[in-house]
Amino acid sequence: MARDQSSYRMTILLATIFTHLLGVSITLLVLYWLLNFREGFAFTSDVKFKIFNLHPLLMILGFIIFSGEAIITYNAIPATRRVLKLTHLIFHLIALGTGILGVYVVFKFHNELNIPHMYTLHSWIGLSTICLFGLQLVLGFVTFLFPGAESATRARLAPWHVLFGLVIFAMAIVTAETGITEKFVFLKLKQGQEALVINFIGLLILLFGIFVGLVVALPLRRK
């Protein structure tokens with residue numbers, strides 16, 4: 001029994017470390033892509049695509065990295081239940097704030113170049129994801145933090161909260177992948193270093209999503 005528990009803990013520790021490394025790798029690769037191939041990023045610029053470049057950066061940081069870290073909080077951090085709840089909430093608030101800012105900059109970019117809004121599957125899935133994310137955050141807050149439901153109600157709703165959280169995270173992964181593919185097509189890339197960088201970003205995001213799910217699925221037996 002003790003050996004099984006130790007094995008579970010080691011497995012989840014390794015999976016968690018690898019997930020963190022994937023998150024760091026994605027962040028660095030996105031920055032490398034935008035700074036070396038896309039002229040950087042800015043909130044205001046005469047080079048309008050610098051404004052757009054904030055969109056993939058903010059959305060990947062928010063709805064992929066911070067959201068994923070929030071999801072694995074309970075399985076990855078040895079802390080009290082209260083601390084875990086607050087950490088989970090803070091990461092999700094950062095994700096939501098970053099995501100809203102990411103949506104704002106792409107609308108700003110479209111307005112400045114008179115490009116229509118919300119005409120691709122990527123944008124439809126993305127807006128649906130951010131709306132569901134906000135709803136999940138509000139419902140989770142009032143149920144599990146303040147004012148908080150009765151313990152029996154919390155216990156009954158917790159599995160559904162986890163399930164819908166993973167579904168929304170999967171939608172974020174799909175949104176990111178469709179957005180990357182869309183950008184690849186718009187840039188008319190076929191071969192070359194930038195094409196490889198963009199494809200590797202997509203692969204790492206997929207792996208990150210898989211390992212977040214794995215960390216959540218692995219049984220962690222606390223003392």
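- With sequence neighbours excluded, the residues satisfying ring pair (Phe, Tyr, Trp, His ring centres under 6.0 Å) with Phe133 are Phe63, His92.
- Here the CD1 atom belonging to Ile168 is positioned 13.0 Å from the CD1 atom belonging to Ile173, to the nearest 0.5 angstrom.
- For Ala170, there are no side chain to side chain contact (heavy atoms under 4.5 Å, CB included) partners at least two apart in sequence or on another chain.
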Which donor-acceptor pairs under 3.5 Å do the side chains of residues 21-32 make with protein atoms, sequence neighbours left out?
unit_1	atom_1	unit_2	atom_2	d
Ser25	OG	Leu21	O	2.8
Thr27	OG1	Gly23	O	2.9
Tyr32	OH	Gln193	NE2	2.9

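- In this structure a side-chain-to-backbone donor-acceptor pair under 3.5 Å is missing from Asn53 to Leu34.
- Minimum interatomic distance between Ile130 and Ile100 (heavy atoms only, all atoms of both residues): CD1-N, 3.8 Å.
- Formation of a donor-acceptor pair under 3.5 Å by the Trp33 side chain with backbone atoms of Val197 is not found in this model.
- Residues in residues 134-150 take part in no salt bridge (charged side-chain N to carboxylate O under 4.0 Å, His left out) pair, two or more places apart or across chains.
- Considering only residues two or more places apart in sequence or on other chains, Thr80 meets the side chain to side chain contact (heavy atoms under 4.5 Å, CB included) condition with Arg82, Val83.
- Sorted by first then second residue, the ring-ring contact (aromatic ring centres under 6.0 Å, His included) pairs that include residues 190-211, not counting sequence neighbours, are Phe18-Phe211.
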- Show your working on side chain to side chain contact (heavy atoms under 4.5 Å, CB included) between Leu137 and Leu89 and close with a plain yes or no. CA-CA 8 Å; Leu137 182 60; Leu89 174 64; 3.8 Å; yes

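- Thr175 approaches His122 most closely through the heavy-atom pair O-ND1, 2.8 Å.
- Nearest heavy atom pair, residue Ala15 against residue Leu214, reads CB-CD2, 4.4 Å.
- Pairs passing the side chain to side chain donor-acceptor pair (under 3.5 Å) check and including a residue from residues 35-47, sequence neighbours excluded, read Arg38-Glu194.
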- Query: Can you check side chain to side chain contact (heavy atoms under 4.5 Å, CB included) on Asn111 and Lys108, steps first, answer last?
  - Reply: CA-CA 5 Å; Asn111 285 335; Lys108 174 181 169 66; 5.6 Å; no

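- The distance from atom NE2 of His20 to atom CD of Glu69, rounded to the nearest 0.5 Å, is 5.0 Å.
- Phe109 is linked by a side chain to side chain contact (heavy atoms under 4.5 Å, CB included) to Lys48, Phe49, Ile51, Phe52, Leu113, Ile115, counting only residues two or more places apart in sequence or in another chain.
- In plain terms, the two heavy atoms of Met118 and Trp124 that are nearest each other are O-NE1, 3.0 Å.
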- Message: Go through it in stages, so that I can follow the logic: the residues are Val106 and Met59, the test is side chain to side chain contact (heavy atoms under 4.5 Å, CB included), and I'd like the CA-CA distance, side-chain angles, deciding distance and then a yes or no.
- Response: CA-CA 10 Å; Val106 79; Met59 300 309 287; over 6 Å; no

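- The salt bridge (charged side-chain N to carboxylate O under 4.0 Å, His left out) contacts involving residues 163-188 comprise nothing, where partners must be two or more places apart or lie in separate chains.
- Residues passing the side chain to side chain donor-acceptor pair (under 3.5 Å) test with His55, sequence neighbours excluded: none.
- Side-chain heavy atoms closer than 4.5 Å link hydrophobic residues (I, L, V, M, F, W, Y) into clusters, and following such links, possibly through other members, connects Leu189 to Ile205.
- Residues Thr120 and Thr178 form no side-chain contact, since every pair of their non-hydrogen atoms from C-beta on lies 4.5 Å or further apart.
- A distance-only check finds no donor-acceptor pair linking the side chain of His88 to the backbone of Thr73 [under 3.5 Å].
- Considering all non-hydrogen atoms of both residues, Gly165 and Gln136 come closest at N-NE2, 3.3 Å.
- Ile90 belongs to a hydrophobic cluster whose other members, connected by ILVMFWY side-chain contacts under 4.5 Å either directly or through intermediates, are Phe66, Phe91, Ile94.
- Of all heavy-atom pairs spanning Gly62 and Ala95, the tightest one is O-CB, 3.1 Å.
- Note on Phe43 and Phe41: same hydrophobic cluster, where clusters join Ile, Leu, Val, Met, Phe, Trp and Tyr whose side-chain heavy atoms are under 4.5 Å apart, directly or indirectly.
- Both Ile60 and Tyr104 are part of a single hydrophobic cluster, where members link through side-chain heavy atoms under 4.5 Å apart.
- Evaluation of the side chain to side chain contact (heavy atoms under 4.5 Å, CB included) rule for Ala158 yields Phe144 as partners, not counting sequence neighbours.
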